[in-house]
Amino acid sequence: MTTRWTWHGGGVAAASAHFGGAPESWLDLSTGINPHAWPGADEQAIDWRALPDEQGLRALEQAAADHFGVAADHVCALPGTEIGLRLVGTLLDGSVRHASPAYRTHGVMVPGAAPVDLDRLDHADGQTLILANPNNPDGRIHGVAALLDRRGPDGWLVVDEAFADCHPDISLTPFVADDRRLMLLRSFGKFFGLAGLRLGFLVAPRAIIARVRDRLGAWPVSAAAIAIGTAAYRDRAWIEAMRDQLQREAQALDALLLGHGYQPIGQSPLFRLIETPHAMALFEQLTGQAILTRPFDSQPNWLRIGLPTDAMGLARLERALRHG
């Protein structure tokens, strides 16, 4: 099995080339991205002839800050959290640990960083610790108090909150301050279903924000990202309704998996993890029906399954599980 399928989610074109079938015939359940994109993107007026406007960028960061619950001068827009994680890695020194298992980039963003078991985070006391909340890929949620206890006197706590929009009560954004060694990464594309926009944010002390702005230079994000991101973060009604909808759809996915003997793991409604000794065989069974899920080379008994787009997608997954 090529590592292409275990490195990151996505890659329908590659799956089509490897397993067959037209790309448009595939059901992509590998990413954990909201299958219901924010519907206002096509309505935004974007001047493609002009450079992104600095005033517009500040408006985007203010809208994001209001959504996160933090002052805007602690927020810096990024061209996606993948780049943001790697950029933050260049700012960290000393002893660095990253929780494991977790998002793969956490283990490579700081050369020489060592893994620490997700159940033994106390072993990283006093050192810089990188983790995700909710965790990816198992969807585990850490309580606010437990995470704040992980801040050592010398190291930083770096929390990837890419999937936190569905769980506003777990975010550490209210605790970001100039005198706290705390940095957070937030994703736009996952919750708003517009991953191709490549938009994320760093939430950090103002001195860190200044350093990151300096490294990013002028025009860190596109005019489209500014226009769409600002409008989406201001759409409070859609955000609240989507949080409820995703919870309902996650419950339907849970019921389907339980009905086929799989115990769903995780609390993020955007994906579920199952553990089975036949994970790779199940992955291949589903690819035979043009359904792409996410296996893991480091956890061969795991398979992550994202939310289907609609009831038809859920029914298609159910048929593929039943006729395997």
Side-chain angles (χ1 to χ4, degrees), residues 1-36 82 100-108 115 118 132 134-140 162-163 189-190 193 195-196 246 249-324:
M1 175 57 60
T2 173
T3 58
R4 173 62 186 85
W5 322 114
T6 63
W7 184 256
H8 283 299
V12 168
S16 170
H18 187 82
F19 297 106
E24 59 270 19
S25 71
W26 278 75
L27 176 61
D28 186 5
L29 304 182
S30 68
T31 65
I33 295 167
N34 186 354
H36 312 293
E82 176 70 15
S100 179
Y103 184 55
R104 186 185 292 270
T105 299
H106 296 174
V108 299
L118 199 59
N135 193 47
N136 176 19
D138 64 6
R140 184 186 312 190
F163 291 99
K190 290 181 174 60
L246 291 174
E249 293 182 355
Q251 291 171 3
L253 178 58
D254 287 346
L256 185 155
L257 294 173
L258 285 167
H260 287 272
Y262 300 111
Q263 177 62 52
I265 300 169
Q267 295 165 277
S268 173
L270 289 172
F271 59 87
R272 286 294 189 261
L273 187 73
I274 60 174
E275 187 169 6
T276 168
H278 311 295
M280 190 54 68
L282 179 58
F283 168 79
E284 294 178 346
Q285 172 185 325
L286 294 176
T287 60
Q289 302 297 317
I291 298 175
L292 185 61
T293 54
R294 173 71 194 282
F296 300 88
D297 52 6
S298 61
Q299 301 287 341
N301 292 337
W302 283 7
L303 192 68
R304 194 185 68 186
I305 302 174
L307 279 185
T309 306
D310 50 27
M312 291 180 61
L314 191 70
R316 181 175 168 182
L317 175 61
E318 197 280 329
R319 289 193 299 271
L321 291 172
R322 176 165 20 103
H323 294 301

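Numbers here simply count residues along the sequence, with the first being 1.
- Under the 3.5 Å distance criterion, the side-chain polar atoms of Arg316 are matched with a main-chain donor or acceptor of Gln289.
- Expressed to the nearest 0.5 Å, how far CD of Glu318 lies from CG of Leu253 amounts to 12.0 Å.
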Leu286 and Leu321: CA distance, side-chain angles, deciding distance, side chain to side chain contact (heavy atoms under 4.5 Å, CB included) verdict: CA-CA 7 Å; Leu286 294 176; Leu321 291 172; 4.2 Å; yes

Show me the donor-acceptor pairs within less than 3.5 Å that the side chains of residues 263-270 make with the rest of the protein, sequence neighbours left out.
unit_1	atom_1	unit_2	atom_2	d
Gln267	OE1	Ile141	N	3.3
Ser268	OG	Leu270	N	3.4

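- Taking each heavy atom of Ala290 and Ser25 in turn, the nearest pair found is CB-O, 3.9 Å.
- The minimum heavy-atom distance linking Asn135 with Phe271 is given by the pair O-CZ, 3.7 Å.
- For the residue pair Gln285 and Ala320, the shortest heavy atom distance occurs at NE2-O, 2.8 Å.
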Side chain to side chain contact (heavy atoms under 4.5 Å, CB included) between Thr293 and Leu282, intermediate numbers included: CA-CA 9 Å; Thr293 54; Leu282 179 58; over 6 Å; no

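- Atom CZ in Phe296 sits 9.0 Å away from atom CZ in Arg104 (nearest 0.5 Å).
- Annotation: ring pair (Phe, Tyr, Trp, His ring centres under 6.0 Å) contacts of Tyr262 (sequence neighbours excluded): none.
- In this structure, CD on Glu24 lies 7.5 Å from OG on Ser16, to the nearest 0.5 angstrom.
- A pairwise comparison of heavy atoms in Ala132 and His106 identifies CB-CE1, 3.7 Å as the closest pair.
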Residues Arg304, Asn136; criterion side chain to side chain contact (heavy atoms under 4.5 Å, CB included); working and verdict: CA-CA 10 Å; Arg304 194 185 68 186; Asn136 176 19; 2.6 Å; yes

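- How far CG of Asp310 is from NE2 of His36: 7.5 Å, rounded to the nearest 0.5 Å.
- In this structure, Leu292 CG and Leu29 CG are separated by 8.0 Å, a value rounded to the nearest 0.5 Å.
- Residue-environment remark: NE2 (His260) exceeds the threshold of 12 foreign heavy atoms within 6.0 Å.
- Here the shortest heavy-atom pairing between Gly10 and Ser30 reads N-OG, 2.7 Å.
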Side chain to side chain contact (heavy atoms under 4.5 Å, CB included) between Asn34 and Leu307, intermediate numbers included: CA-CA 7 Å; Asn34 186 354; Leu307 279 185; 5.7 Å; no

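- Taking the six-membered ring where the residue is Trp, Phe19 and Trp26 present tilted rings, their angle falling between 30° and 60°.
- Distance CD1/Ile305 to CZ/Arg294: 13.0 Å, rounded to 0.5 Å.
- Between Pro308 and Gly313, the closest heavy-atom pair is CB-C, 3.6 Å.
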